[in-house]
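These numbers come from a predicted model, not from an experiment. The first residue of the sequence shown is numbered 1, and numbering continues consecutively from there.
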Amino acid sequence: MSGDSIVVRPLFGGTISTTFPLRFQDVSNVRQVPDHQEVFVDPGRDESLIIELLDMKVDVADNGSANWFLQDLANEQEAEGTTITEQSAAVFEAPELLYRNMPAVITTAVAQMAVSKGRQGREAQNLVKVYLANIRLKEVGTDVLITAYEPLVINRLSESATAVGAGMAVPAAQSGVMPMAEVFKLAVSSFKVHNWSLFGSAAA
């Protein structure tokens with residue numbers, strides 16, 4: 001049993017919500033992230049959760065979309081040694097995210113990759129586990145990405161080493177908190193849209 005306090009988090013001005021532990025702090029304003037992103041971080045464990053709204057990639061098939069976005073993320077971050085360890089074999093419909101009789105579809109993928117923080121070079125890369133879910137809101141032409149980062153090994157040259165120490169990351173169970181895999185599942189399963197007008201003319 002984890003000691004995490006679980007709370008509902010309003011996103012994008014309350015038009016969307018999801019649920020995850022209170023220990024994750026909203027750093028969207030501090031980091032000046034784009035308007036289509038919201039970023040939450042647990043600085044004590046160097047774990048992060050990012051919710052992102054993108055125009056739907058219509059040329060990417062539903063059943064491979066999470067894997068595609070994960071590979072795209074690895075390329076963008078110049079990650080090394082990326083290995084897809086899990087991907088959902090099926091596309092799951094989410095009837096609770098129904099809009100105009102069309103349910104959202106969800107695919108997930110998990111990978112391990114070596115990435116560096118900010119502008120630090122490859123010599124400061126950390127080994128991380130990355131969980132990604134693509135929630136496709138087809139009727140409003142939007143791909144929602146929920147991405148969770150869990151450090152496995154912290155490089156002594158990384159910025160992260162100052163906050164959490166270098167070497168193997170301390171397991172969640174040992175710290176008395178919810179494992180990142182469970183945080184990710186909770187954030188995806190509890191995702192809700194409260195105001196479809198967020199998606200503009202597509203939702204009119």
Side-chain angles (χ1 to χ4, degrees), residues 4-43 47-77 87-88 90-110 130-149 178 180-204:
D4 269 331
S5 297
I6 309 301
V7 293
V8 176
R9 312 297 281 261
L11 307 170
F12 302 101
T15 55
I16 290 172
S17 71
T18 187
T19 303
F20 51 88
L22 187 60
R23 62 186 169 91
F24 288 87
Q25 304 170 11
D26 187 349
V27 297
S28 303
N29 293 329
V30 178
R31 294 193 179 181
Q32 298 181 323
V33 300
D35 290 342
H36 64 275
Q37 277 187 5
E38 296 220 3
V39 180
F40 298 83
V41 172
D42 175 0
E47 295 176 339
S48 58
L49 194 64
I50 300 171
I51 295 91
E52 188 171 9
L53 308 179
L54 300 172
D55 291 335
M56 194 170 79
K57 296 284 185 185
V58 293
D59 54 338
V60 176
D62 290 349
N63 62 358
S65 64
N67 189 23
W68 186 91
F69 279 112
L70 201 50
Q71 293 285 7
D72 185 59
L73 179 68
N75 293 337
E76 183 182 302
Q77 297 193 2
Q87 56 180 313
S88 51
V91 175
F92 301 97
E93 287 195 350
E96 66 278 9
L97 289 173
L98 190 70
Y99 185 72
R100 289 181 180 164
N101 297 319
M102 182 177 284
V105 294
I106 302 173
T107 53
T108 61
V110 182
V130 183
Y131 306 82
L132 186 144
N134 177 208
I135 303 174
R136 304 205 106 169
L137 305 177
K138 290 191 168 185
E139 195 67 32
V140 291
T142 301
D143 275 323
V144 179
L145 301 186
I146 297 179
T147 312
Y149 290 84
M178 179 182 286
M180 203 58 190
E182 297 303 315
V183 173
F184 171 72
K185 288 177 185 175
L186 178 61
V188 174
S189 64
S190 62
F191 182 88
K192 292 183 175 63
V193 177
H194 301 286
N195 187 345
W196 290 90
S197 67
L198 169 67
F199 304 102
S201 58

Are T108 and Y131 close enough that some pair of their side-chain heavy atoms sits under 4.5 Å apart? no

For E182, enumerate each residue passing the side chain to side chain contact (heavy atoms under 4.5 Å, CB included) test, keeping only those at least two apart in sequence or located in another chain. M178, P179, K185

May I ask you to test the Q77-V130 pair for a side-chain heavy-atom distance under 4.5 Å? no

With rounding to the nearest 0.5 angstrom, report the CD to CG distance, E52 to N134. 10.5 Å

Hey, what do you get for CZ (F184) to CG (L132), rounding to the nearest 0.5 Å? 6.5 Å

Residues two or more places apart in sequence or in another chain: which of them pass side chain to side chain contact (heavy atoms under 4.5 Å, CB included) with S48? V41, Y149

Minimum heavy-atom separation for F191 to T18, with atom names? N-OG1, 3.9 Å

I'd like to know whether CG of N75 has more than 12 heavy-atom contacts from other residues, nucleotides or ligands below 6.0 angstrom. yes

Kindly state each residue pair satisfying ring pair (Phe, Tyr, Trp, His ring centres under 6.0 Å) with at least one member in residues 14-43, sequence neighbours excluded. F20-F40

Could you grab the distance from atom CD1 of I106 to atom CD1 of I146, nearest 0.5 Å is fine? 8.0 Å

State whether the side chain of T15 and the backbone N or O of N195 hold a donor-acceptor pair below 3.5 Å, judged by distance alone. no

Apply side chain to side chain donor-acceptor pair (under 3.5 Å) to D72 and list each qualifying residue two or more places apart in sequence or on a separate chain. none

Do I16 and L53 touch side chain to side chain, with heavy atoms closer than 4.5 Å? yes

Please check: side-chain N/O of E38 versus main-chain N/O of F12, any donor-acceptor pairing under 3.5 Å? yes

If the condition is side chain to side chain contact (heavy atoms under 4.5 Å, CB included), which residues does V7 pass it with, not counting sequence neighbours? R9, L22

Heavy-atom side-chain proximity of K138 to D62 below 4.5 angstrom: yes

Would you say that F199 contacts V193 through its side chain, given a criterion of any heavy-atom pair below 4.5 Å between the two side chains? yes

My understanding is that only residues two or more places apart in sequence, or in another chain, count here; which of them pass side chain to side chain contact (heavy atoms under 4.5 Å, CB included) with K57? D59, V60, W68, F69, R136, D143

CG of L11 to NE2 of H194: how many Å apart, nearest 0.5 Å? 8.5 Å

I need the N63 CG to T107 OG1 distance, nearest 0.5 Å. 8.0 Å

For A66 and A109, work out which heavy atoms get closest and say how close. CB-N, 3.8 Å

